[in-house]
Amino acid sequence: MRVAAALEVQNVRKSFGELRAVDGVSFDVRPGEILGFLGPNGAGKTTTLRMIMGITRPDEGAIHFEGRPELDRRSVGYLPEERGLFEDASLLDTLVYLGTLRGMSRAAARATGREWLERVQLADHAKAKLNTLSKGNQQKVQFAGAVLHRPSLAVLDEPFAGLDPLNQEQFLGFIRELRDQGAAVLLSAHQLDLVERLCDRFFLIARGRHLLSGTLDAIRRATPGGEGELLTVGLRVGHAAAADPARTLLGRIAPGIAVAVGEGANGWAQVELALPPRQDLSPILVALGGQFEVESVQMRRLPLHEIYVRAVRADHDSATAEREVARV
Amino acid sequence: MEWVPVAIWECTRMMKRKDFVIATLLIPLLMGGVVFTIGWIKTREARAITKIAVVRLTGGGDSSATAGEISMPLIKGFEWNTPPAGERDSTSLAAAVRKGTYAGAVVIPGDFAEGGRVWVTVRSRSPEWQVRLRDGLLAEARRQRAAAFGLDTASLARLDRPLVMSQRLANPAVRSTGADRVASGVIVMLLITALFTTNSYMAIGISGEKQARVTEVIVSAIRPQSWIDGKIVAYTVIGLIQFVLWGGTLVAILLMSGAVPPQAIHPGALVTDLAFAGAGLCFYVALWAMVLATIKDLMSSSKFQAYLLFLPMAPFAFLESVIRSPDAPWIVAMSLIPLFSPMLMPARLTLGAAAGWEVAVALVLLAVAAWLMRIAGGHAFRIGMLMYGKEVTLPELWRWAREK
């Protein structure tokens, strides 16, 4: 039997005056799953999240929670992008308040609040005021306040903003733990390397519309050239000197393959080739090795970052073309 | 019951504010301090003995008369002194008064009971004891005149028996004594002070929450209506605590000072005052919460927002008329309108003859208005708290209040 989606967004639309912020977006998040909700600035992500949380209402479409149209606020955890807490209240009092708002008893909220402060290394600051903490530590308290009550659906808008790499790693652990406990997690973030490591599925929007969705493999398949691999060859020669000869050489050896020559470490050239599946590497490496001193060779599948950039760029180009047509 | 944690949170935060606790306790302390100081001054005056130099002239009050020993009636608070011989002329007496040896000097001619002029030398014009001195001397003069007519003390007392006169009010419900008028004014002022104190703290709280951007965090957890309900309950309770504390102090002072006899305190009137205070606070707190949600910071409020915030001051404009004629038809009408009834109806209850149905209608209208204001506040609060930067107009606020 198919498990009911914890969250199901169906063909949702929202406009502000003339601006259509969200245009027919549909997706779902299942229990025990992390969905990466991605898109460039102004794509309509935060508007969609606000509609999910009942802060604004969709003009059209429907949003269901475990099959029901009503949002049970007590079973949802929300870390908004526009976030803040009571600056003159102590950390523990703030967590107790947020817990009781979500239906916890004061005693349970206090005990869980203390646990969370321990986990984020702020136990010694339980009585400190929020405005005495660094931005990163404030972020930890915000996160604890959003998930203190063990929500079955967690909506996290930019949870990594303002965190150093160590704290980002800690947050990755917290979010995975939520998923492992059976929560459905809807995550919006711009740190695509972290998102790629964390999420089970992805949903990419731009200009309020769906661009790509599915698992990483699925969206790779949907991206032109995404099924292949990226070959990066570092050359021990200056970038300017190598750019044209390398392009000419590879154009002859491997016609039809996209080649980019960029600047790598120490100003040396770095050649990047988007290879189709099962491409024979030998002639490429032999040719490059014959003409340049090869410093490094790296093969990898198309990362989320690249998929994102290609998809959003293509959408941007298409939008520009649409505008040109409309103007003419 | 989503509003309960909000109400507890708001109340706890207020009780932890030192400035709020000081402001709340300061008024009873001031009231107590003022009454204590006035009482202390009066007691001190009552206990003070005024030293007066008395020179009694034998014969008429002209310059040919000679100064003699005194025989003065006992008057409470006065001590009669006979200046030494040689210091009984007007120049010496003035010098002694200037020096402070005596509070004053009085020269009494032998025929003072028959119209002879009594001269009083004073340091400054019309001291407060002069009236008491005159009354004392007049009593003595009357006694001497009565004796001259051959009247005994009993006959004189009979002549002086005071007239018995009482008032009968055309409308027995009216109890407009001076103390009632003062009490009405003070109760209205206390309620308005409680309103502005609690609402000012609510303003600081709401604008702080808006600036700290906690809105989305809270409205993701509870409905905006529950959020504003919790605030309304908390600030109404806080306002009522202040009103009861301050009003209770006033009543205690009035009773302890003897200004008002215990039977003048009507429990029914106190309960009615409390009901109007509670419903009035509720109404105005909801109105303020709605308006405050539209203000990013308190310095940037526009004209219409300032007018709405200062609406509770409006009854001050009618207070004097209410005190002078509490049952005038237009005052009766105003006291039924929810904007004014929390202040005007308790004042009319003390000063006028508000009928039971008027009180009931005013209370029901106020309760209904408070309920509607709470709902409208909830609608506008949701939108207002998420609005940043743009200045809100009155038509927009009206539209938000009706939006579901």
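Order of the sequence lines fixes the chain letters, A, B, ..., with proteins taken first and strands second; residue numbering starts at 1 for each chain.
- Per-residue heavy-atom pair counts under 4.5 Å with chain B were compared for Val155(A), Leu98(A), Asp93(A), Asn131(A), and the maximum is reached by Asp93(A).
- The minimum heavy-atom distance between Ser220(B) and Arg102(A), with the atom names listed, is O-NH1, 2.9 Å.
- For the pair Glu216(B) and Arg50(A), the minimum side-chain heavy-atom distance is below 4.5 Å.
- Residues Ile222(B) and Leu101(A) come closest through the heavy atom pair CG2-O, 3.6 Å.
- Residue His190(A) qualifies as enclosed at atom NE2: its count of foreign heavy atoms under 6.0 Å is above 12.
- Arg73(A) has its side chain within reach of Arg223(B): a pair of non-hydrogen atoms, C-beta onward, lies under 4.5 Å apart.
- Using non-hydrogen atoms only and a strict 4.5 Å limit, the part of residues 5-21 of chain B facing chain A consists of Pro5(B), Val6(B), Ile8(B), Trp9(B), Arg13(B), Lys16(B).
- Residue Arg106(A) qualifies as open at atom CZ: its count of foreign heavy atoms under 6.0 Å is 12 or below.
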Audit row: Phe86(A), Val214(B), side-chain contact (heavy atoms from CB on, under 4.5 Å) steps and yes/no: CA-CA 7 Å; Phe86(A) 305 93; Val214(B) 298; 4.1 Å; yes
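- Atom-to-atom distance recorded for Ile218(B):CD1 and Leu85(A):CG is 8.0 Å, nearest 0.5 angstrom.
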